[in-house]
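Report on the structure given below.
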Amino acid sequence: MQTIKLTIQNHIAHVVLNRPEKANALNQTAWDELKDTFENLDENPEVRVIVLEGGESKHFCAGIDLSLLMSVAQTDITCEGRRREKVRKDVLRLQAPVNAIENCSKPVLAAVHGGCIGGGLDIICACDIRYCTEDAFFTIKEIDMGMVADLGTLQRLPKLIGEGRVREMAYTGRHVGGKEAEKIGIVNSAYNDKATMMEEVFKLAATIAARSPLSIRGTKHILLHTRDHTVADGLNYMATWNAAMLLSNDLQEAFMAKSQKRDASFED
């Protein structure tokens with residue numbers, strides 16, 4: 001891949017955005033590779049948890065590459081209706097990589113340093129858990145470009161921090177620093193430096209990877225379903241889910257390991 005680095009070790013996939021010369025701004029190749037990466041990791045039985053970070057770039061992600069943004073508006077189509085139809089398809093195509101992160105059955109832990117700007121914020125909102133350095137900052141930058149954020153932030157971030165805070169960020173485009181991000185719930189924790197953050201994130205990833213993969217995947221699925229449904233709907237769906245999934249080899253192994261006072265060893 002040209003724009004992403006991927007390594008897999010001890011059931012943990014390490015995904016690194018890799019356009020440091022462009023502050024990890026995402027061009028069409030990067031968007032395509034991001035989608036392919038998470039769809040492939042979803043199907044890879046060796047992977048139980050994913051860590052996503054910004055690598056050697058100054059920023060975690062500077063958002064959409066401006067050349068890609070401009071290309072969406074450029075077309076030879078003369079019919080106004082067809083031009084707008086194309087723009088809609090282009091936006092849906094750009095949403096797909098972000099959706100692939102959320103739809104990946106494995107938990108995704110985002111580790112943010114520097115700026116998490118525009119499309120970068122869309123990406124981390126689709127992750128399961130977020131962490132950052134204290135000098136990181138988060139911004140809904142689209143308002144400063146005369147457009148509405150359209151890749152998921154306005155749909156997902158209110159579920160994380162509440163509408164009032166999101167409206168303030170979306171209307172002003174202001175930077176939310178790492179410590180404030182921790183306080184309002186964009187991230188779980190803010191760390192003094194990147195090295196400390198990455199050490200702690202990989203510790204958490206190892207803890208998750210040691211759990212039942214079937215149960216972890218099921219827990220993520222249920223949490224996403226619960227977010228978008230009523231409590232009654234969620235409980236009814238949960239009963240049906242466990243009717244299908246509860247009686248697994250993982251359940252038996254967990255009980256055996258506990259009774260034998262040993263670590264459980266689960267199938268991929």
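- Side-chain contact between Thr139 and Asp144 is absent, with no heavy-atom pair separated by less than 4.5 Å.
- At a threshold of 4.5 Å between non-hydrogen side-chain atoms, the residues Ile140 and Tyr171 do not count as touching.
- A 4.5 Å side-chain heavy-atom check between Leu109 and Val49 finds at least one atom pair inside the cut-off.
- In this structure the side chain of Leu66 reaches within 4.5 angstrom of the side chain of Met145, judged on heavy atoms.
- Listed here is the closest heavy atom pair of Val98 and Leu151: CG1-O, 3.8 Å.
- By the 4.5 Å heavy-atom criterion applied to side chains, Ile222 and Tyr237 are counted as neighbours.
- Glu53 and His113 share no donor-acceptor pair across their side chains, judged by distance under 3.5 Å alone.
- In this structure, Glu200 pairs ionically with Lys203, as a charged nitrogen and a carboxylate oxygen lie closer than 4.0 Å.
- Contact annotation: the side chain of Cys132 approaches that of Phe138 to within less than 4.5 Å [non-hydrogen atoms, C-beta and beyond].
- Here the closest heavy-atom approach between residue Leu204 and residue Tyr131 is recorded as CD2-OH, 2.9 Å.
- Exactly one residue among Lys22, Arg19, Gln28 makes a side-chain hydrogen bond (donor to acceptor under 3.5 Å, both in side chains) with Asp65. That residue is Arg19.
- A donor and an acceptor atom, one from each side chain of Thr29 and Gln2, are nowhere located under 3.5 Å apart.
- Between Glu182 and Lys179 there is no salt bridge, since no side-chain N of the basic residue sits under 4.0 Å from a carboxylate O of the acidic one.
- Between Val112 and Val187, every side-chain heavy-atom pair lies at or beyond the 4.5 Å cut-off.
- Salt-bridge check for Asp90 with Arg93: passed, with a basic side-chain N closer than 4.0 Å to an acidic carboxylate O.
- Annotation: side chain of Arg174 is not in contact with side chain of Phe137 (no heavy-atom distance under 4.5 Å).
- Put simply, the side chain of Lys106 gets close to the backbone of Asn44: a donor and an acceptor are under 3.5 Å apart.
- When ring centroids are compared, Trp241 and His221 come within the 6.0 Å threshold.
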What do the steps show when you test Arg48 against Arg211 for side-chain contact (heavy atoms from CB on, under 4.5 Å), and what is the final call? CA-CA 9 Å; Arg48 298 183 181 182; Arg211 269 47 182 184; over 6 Å; no

